[in-house]
Every structure is written in C-alpha cells, then in structure tokens.
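Only one structure is covered here, and it is reproduced in the block below.
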2 protein chains.
Amino acid sequence: MATIRDVAKQAGVSVATVSRVLNSNGYVNEDTRVKVTEAIKELNYLPNDVARSLFKRRSKMIGLILPDITNPFFPELARAVEDVANETEYTFVLCNSDNQMEKEQQYLTALKQKYIDGFIVVSSTLTTEQVHELNVPVVALDRIISPHMPSVSVQNYEGAQEAVQYLMKNGCQKVAHISGPDYVDNAHARKQGYLDMVRDKEWYVDGLVVDGKYELDPAKEAATQLLEKYPDVDGIFVGNDLMAVGVLKAAEALGIKVPENLSIIGFDGIALGETTTPALTTMAQPIYDVGSKAAELLINYIEGIPSVHSNHSFGVQIIERETVKKGGV
Amino acid sequence: MATIRDVAKQAGVSVATVSRVLNSNGYVNEDTRVKVTEAIKELNYLPNDVARSLFKRRSKMIGLILPDITNPFFPELARAVEDVANETEYTFVLCNSDNQMEKEQQYLTALKQKYIDGFIVVSSTLTTEQVHELNVPVVALDRIISPHMPSVSVQNYEGAQEAVQYLMKNGCQKVAHISGPDYVDNAHARKQGYLDMVRDKEWYVDGLVVDGKYELDPAKEAATQLLEKYPDVDGIFVGNDLMAVGVLKAAEALGIKVPENLSIIGFDGIALGETTTPALTTMAQPIYDVGSKAAELLINYIEGIPSVHSNHSFGVQIIERETVKKGGV
DNA sequence: CTGAAAGCGCTAACAC
DNA sequence: GTGTTAGCGCTTTCAG
C-alpha cells in the first residue's frame with residue numbers, strides 16, 4: 001500500500017501538496033496538480049481513511065441500530081439507509097439490539113470509539129439523557145425517543161383510525177384489535193387510534209384488544225383466544241402485518257373464512273402481506289422513504305446543514321387486497 | 001473525551017504503562033495497575049479505536065457483501081454474521097451489491113481504505129484475481145468463487161436430487177423445474193441435480209426447466225407459461241422458496257389446486273414458506289449455521305488460526321409442509 | 001503556490 | 001517495572 005509520502009516522492013513535491021490535490025483545497029499550480037495526479041495513478045494510491053479519521057475525528061460511518069434484521073419490517077428500512085449512506089460515501093454499520101438496552105449501549109459506545117459520525121436508532125428503551133451524553137448525532141426512526149430529538153415516523157394514530165373506519169365502512173359490526181407491546185410508542189398510538197374509534201360503540205367491550213407482541217406466533221395465539229371468546233367478532237385491526245399473518249393463520253386453523261366471515265386489516269405494508277392467501281389488506285407506510293428520510297436527516301445533521309423539519313411524520317395509505325369483505329353498511 | 005495522556009497524568013504514570021494495563025501485556029506492578037484502573041474509571045476513559053487501528057493496521061471490522069438484504073433469504077444470514085461479529089468484538093458492515101460487480105468493487109476498495117479486516121461475500125461476479133490483489137481475507141458464502149478460496153455453502157446438487165426424488169416418490173408423474181439464473185453456481189447445481197434425476201425418464205422433455213431468476217414475479221410468470229404449455233405437469237421442484245411462492249401464486253391464479261393437482265417443493269427453508277397457504281414444503285438449508293460458520297471461518301482466518309476445512313458444505317433437510325401430496329407410487 | 005513540522009491517540013521497541 | 005520516544009498516514013497551520 002502506497003502512502004502519501006510515496007506519492008510525494010514520486011511527484012517530487014511535499015506531502016502537503018499531495019494532500020492539497022487530494023482534497024482539492026488550497027492553491028496548487030496546475031502543472032504540479034497534474035504531476036501529483038499522475039503519481040497517484042502510477043502508484044495506485046488510495047488515501048488511508050483511518051489516518052484521516054484520526055486527524056478529523058470523524059469516520060464517515062453511520063450506524064443503524066434496530067431490534068432484529070430478521071423481522072421482515074426492517075430489511076427495507078435498512079436498505080434505504082444503506083442506499084443513502086452509499087450515495088453520500090458513508091459506511092453503513094448494522095446493529096441488532098433485540099430490543100435490549102444493554103446491547104444498544106454497547107453498540108453506541110463501541111462505535112463511538114471508532115469515531116462513528118452518527119446513529120439512526122429504532123429503540124424503545126433509549127433515553128434522552130443517554131443520547132445526550134453520547135454526544136453524537138442521533139435520529140430516531142419508527143419510534144420516537146423524545147420530541148426534542150430528530151425523528152422520522154408515520155401517522156400511526158391517524159392510520160389506525162382510518163383502518164378501523166375502513167373495516168366499519170365495509171360492514172364490520174364488531175371489530176377487535178391485536179396490539180403491539182405497549183412500551184413501543186407506535187403500538188401504543190395505533191391502539192389509541194383504535195380505541196378512540198370504538199370506545200363509544202354499543203358493541204364495544206374491554207376484552208376486544210389483546211396484545212400480540214408484534215410477533216407472529218403470539219399474535220396467532222392471541223387471535224385464537226379472542227375469536228373463541230368472541231365468536232361474533234367480524235373484523236380485526238391488527239397492529240402490524242407480521243401479526244396479521246398470524247391472525248390469518250389462526251382464522252384458518254379455526255375454520256373461519258377470511259374475508260367472508262372475518263375481515264382483517266394490518267399495518268405496515270411489508271412484502272410478506274402480498275404472499276399470503278388471501279393477500280393481506282393493510283395500512284401501508286412508505287417504508288423505504290421513511291428510512292431514506294432518516295438517513296438524510298442524520299447526514300444533514302452530521303454535516304451541519306440545518307433541517308427545516310427535524311420531526312418528520314409520513315402519511316400512511318391503505319392497500320386494498322383480499323382480507324376485507326367489501327360492502328356497505 | 002479523555003485520552004491516554006489524561007489517564008497517565010491522572011494516575012501519575014506514563015502512557016506506556018497505561019497502554020500496558022489497557023492491553024494487559026508486559027509487566028505492570030499490581031499497585032500501579034490499580035491506580036491506572038481507577039484513573040480510567042474516574043475519567044470515564046475509552047480507548048480510541050481509530051488511533052489503535054492506525055497503528056495496528058487493522059480495524060476490527062468485517063464486511064458482508066450480499067446482493068440485497070431485502071431478499072428474504074439474506075436477513076437471517078446477515079443476522080448470523082452480525083451475531084458472531086458482535087461476540088468477537090468485530091464491527092459489522094453491511095453492503096448491498098445488487099449483484100453488480102462494480103458495486104462490489106467499490107465496497108471492497110472503500111472498506112480497504114478503512115483497514116477492514118476481512119470480507120464475507122455472496123457474489124457471482126467476483127474473480128479469484130480480484131480477491132487476490134485485494135490482499136484482504138475473504139470467505140465466499142452461499143456461492144463459491146473458487147475451490148481454492150475459503151467458502152461455506154450447502155449441498156445444492158444432492159439436495160436438488162433429494163427434492164426431485166421426494167416428489168416422484170410421492171407419485172408425481174411429470175416434474176418440472178423452475179431454476180435460478182445460470183450464472184449463480186448454486187442455481188446451476190440445483191438444476192443439474194434435477195436434470196440428473198429426470199433426464200432419462202420417458203416423460204422428460206426439454207421445456208420442463210425454465211428460468212425464474214430467483215425472484216418471485218419472474219417465477220410466477222415462468223410457472224404460468226410452463227403450466228399452460230404442459231398441463232400434465234404434476235410436480236415442480238423450484239430453485240428457491242421465494243420463487244416457489246411465485247409458483248404457488250401462479251397455480252392459484254390458474255385455478256390449479258395445490259397439492260391435489262400439483263405438488264411444489266422449494267429450496268432454502270426461509271420463514272416466508274411457513275406463512276403461505278398451503279404452507280410450502282421445502283429442502284431447507286441451515287441458514288443461520290451457514291452464516292455463522294462463514295463468520296467463524298473468516299475471523300479465524302483473520303486471526304491466523306488455521307482452519308481444518310476451509311471449504312465447508314452443509315447438508316440440507318426436507319421440511320414437509322403442505323404443498324406436496326403425500327402418497328406412494 | 002509550496003514545504004516543514006506539529007499533532008490526531010495509540011503501541012511497541014528500547015532504555016533504564 | 002516503568003518511562004521515553006518514534007512512528008502509524010494524514011491534514012493543516014505557518015513560513016516563505
């Protein structure tokens with residue numbers, strides 16, 4: 001590996017001059033610029049980023065901390081972040097936290113030791129203080145850490161309301177909700193959206209919302225019990241698509257026809273919902289856009305470009321597929 | 001951020017001594033070790049990895065280059081690699097190549113500038129020369145670059161044979177194959193496995209294998225045409241699960257009952273196959289193990305620990321679900 | 001317009 | 001046992 005010294009020698013100039021052409025800053029005579037450029041080519045020289053980082057105290061790396069890349073909601077998000085990182089010449093570090101605060105903290109400090117430039121974080125446990133004392137730019141994704149911290153998410157509350165409304169508009173007489181864990185703010189918001197739509201209905205009873213943990217099997221389990229206890233439920237708004245697939249499976253096992261006897265609507269719009277039979281109707285969020293917006297925000301933040309909105313909230317949109325029976329009231 | 005100098009001053013020793021206790025090498029008196037440790041605590045000192053890297057010429061980072069994390073086959077693989085990276089205190093860098101050689105090269109050289117310690121690569125385009133002149137440890141994953149290069153994969157050929165055999169054993173009279181792209185070695189091997197099982201059958205005709213590109217929609221398309229042209233096909237061995245889902249959808253659209261009138265078996269064993277209706281029967285590979293083995297191999301390679309097998313090939317195993325009609329010949 | 005030199009924070013000889 | 005010091009490869013004042 002050639003170093004800047006080698007290039008300097010080869011070109012018959014000083015390292016300072018080489019550095020200048022490398023970073024195209026400061027004055028440098030056209031002829032010597034050419035000489036240096038040639039030397040670089042000849043030696044096949046590539047600047048050493050580590051040395052650069054040491055001096056600059058920054059690494060051109062960003063980290064994405066998320067619960068588990070294996071959850072089908074996250075790959076698209078990660079892809080979006082990686083794409084903008086790549087475009088802007090940042091290196092993309094992926095961290096799976098399993099929702100454990102301890103792991104998050106480990107990643108945060110371990111990467112800080114590498115002069116990481118910033119983080120995008122999908123977390124329900126991280127606190128404002130922790131982020132603050134980290135002293136590295138952080139943007140919250142999908143889950144908000146604090147209103148005073150840059151974030152990008154979607155309109156969970158409104159989307160939930162719309163979803164429930166859609167079910168009722170299409171004739172559902174008794175709609176239940178399988179929720180995500182309450183400590184996840186978006187799950188909480190979706191549940192509130194549901195509740196605020198049904199609380200006053202004559203048919204509403206307390207047991208109609210049950211926790212599915214944002215996971216497939218627990219949701220299947222939860223739905224099974226729910227449907228056994230309330231056989232007259234004819235619509236379910238499920239907190240996310242992964243769980244909705246579980247609900248679909250539960251209905252199937254119980255011999256309940258979807259959508260004839262039970263309408264189901266999910267939330268998220270992940271690709272998985274397209275592959276089930278029947279295909280899942282869902283409140284879709286623009287996952288890729290959400291991810292790339294977060295990355296843009298972070299990188300602007302890092303590079304000191306002021307952002308107009310530092311709390312960005314995307315709208316959601318229904319995708320009508322096959323799990324809701326169409327029909328008026 | 002405190003530096004090693006600050007710690008040295010605080011403890012009343014030299015930086016060398018601090019470095020010694022940090023790395024626990026060289027002799028250091030117990031008392032001074034304690035003093036230093038205390039100083040570290042007090043100052044909340046964390047060693048600067050960038051400075052370390054610069055000196056050591058290595059970064060404690062490994063990269064995983066794969067086509068697209070959005071393809072449901074890869075998240076589990078990535079998770080496995082990240083897990084062992086994390087355990088061994090390596091930082092995990094994820095790169096999406098979209099199967100483009102150019103992108104792969106970019107990542108390779110960009111990360112080399114950061115003193116990355118090694119790569120795990122899922123690639124069909126990278127050549128032995130490129131890897132060689134990179135001069136950084138590389139292990140090939142899922143797709144073999146060269147027999148002389150460390151790799152981990154599965155028994156594609158044998159698994160394909162077994163899959164076809166399973167179909168025939170259960171009464172299929174005419175089995176077709178939807179293949180992956182021929183330039184992907186494992187797709188090629190699976191196709192050969194199929195061919196070597198059916199080539200001599202009285203019913204075998206050339207048009208029975210068609211390319212589905214390892215993608216859902218193209219596979220659906222391919223299956224549709226295949227089934228229209230050969231309505232008597234009663235079994236399909238599909239090159240991977242993603243495509244198998246496409247085939248399932250094609251059958252559904254065509255009104256062909258699975259498994260009553262058509263048996264389908266996939267390959268890979270991704271979670272997606274569990275959520276379809278009917279659930280997909282498949283030749284499963286131990287995806288997580290494959291990924292973690294690759295990571296172990298790489299890290300041993302990096303740390304100079306000789307590995308017995310540098311070409312590791314895992315077995316595959318059938319998962320019987322609902323897309324193959326059971327029954328003897 | 002160009003070069004000399006200090007220094008980013010750490011490790012590893014090499015002295016003592 | 002411990003300290004001094006020379007780099008790792010680069011960028012950036014500061015002179016000239």
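For the numbers below, each heavy atom of this structure counts, side chains included, while hydrogens, waters and symmetry mates do not. Below, read A as the first sequence line, B as the second, and so on, with proteins coming before strands; counting in each chain starts at 1.
When each of B/Val28 and A/Thr17 is assigned the nucleotide of DNA chain D with its nearest heavy atom, B/Val28 is the one assigned upstream, toward the 5' end.
Residue-level contact check: A/Ser53 touches neither bases nor backbone, having no heavy atom under 4.0 Å from any strand.
You'll find the side chain of B/Arg57 stays beyond 4.5 Å of the side chain of A/Met1, heavy atoms only. Residues A/Ser151 and A/Ile145 are not in side-chain contact: their nearest non-hydrogen atoms beyond the backbone lie 4.5 Å or more apart.
When the P atom of C/dG3 is taken as reference, atom CG of A/Asn29 falls 11 Å away, rounded to whole Å. For the pair B/Asn25 CG and D/dG1 P, the computed distance is 15 Å after rounding to whole Å. Taking atom CD of residue B/Glu30 and atom P of nucleotide D/dT2, one finds them 10 Å apart after rounding to whole Å. Between the OH atom of A/Tyr27 and the P atom of C/dG3 there is a distance of 18 Å, rounded to whole Å. A/Gln113 has its CD atom 19 Å from the P atom of C/dC8, to the nearest Å.
For A/Asp117 (side chain) and A/Lys60 (main-chain N/O), a donor-acceptor pair under 3.5 Å exists by modelled atom type. Looking at B/Lys114, its side chain does come within 3.5 Å of a backbone N or O of A/Ser59 through a donor-acceptor pair. No donor-acceptor pair closer than 3.5 Å links the side chain of B/Ser19 to the backbone N or O of B/Val15.
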Could you go over nucleotides 9-11 of chain D and give all protein N or O partners under 3.5 Å, atom names and distances?
{"unit_1": "D/dG9", "atom_1": "OP1", "unit_2": "B/Arg57", "atom_2": "NH1", "d": "3.1"}
{"unit_1": "D/dG9", "atom_1": "OP1", "unit_2": "B/Arg57", "atom_2": "NH2", "d": "2.9"}
{"unit_1": "D/dG9", "atom_1": "N2", "unit_2": "A/Ala51", "atom_2": "O", "d": "3.3"}
{"unit_1": "D/dC10", "atom_1": "OP1", "unit_2": "A/Tyr45", "atom_2": "OH", "d": "2.3"}
{"unit_1": "D/dC10", "atom_1": "OP1", "unit_2": "A/Asn48", "atom_2": "N", "d": "3.0"}
{"unit_1": "D/dC10", "atom_1": "OP2", "unit_2": "A/Ile4", "atom_2": "N", "d": "2.3"}
{"unit_1": "D/dT11", "atom_1": "OP1", "unit_2": "A/Asn23", "atom_2": "OD1", "d": "3.2"}
{"unit_1": "D/dT11", "atom_1": "OP1", "unit_2": "A/Asn23", "atom_2": "ND2", "d": "3.2"}
{"unit_1": "D/dT11", "atom_1": "OP1", "unit_2": "A/Arg52", "atom_2": "NH1", "d": "2.6"}
{"unit_1": "D/dT11", "atom_1": "OP2", "unit_2": "A/Ser19", "atom_2": "OG", "d": "3.0"}

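Phosphate proximity of D/dT2 to B/Ser14: absent, as no side-chain N or O sits under 4.0 Å from OP1 or OP2.
A salt bridge does not link B/Lys41 to B/Glu38: none of the charged side-chain nitrogens sits closer than 4.0 Å to a carboxylate oxygen.
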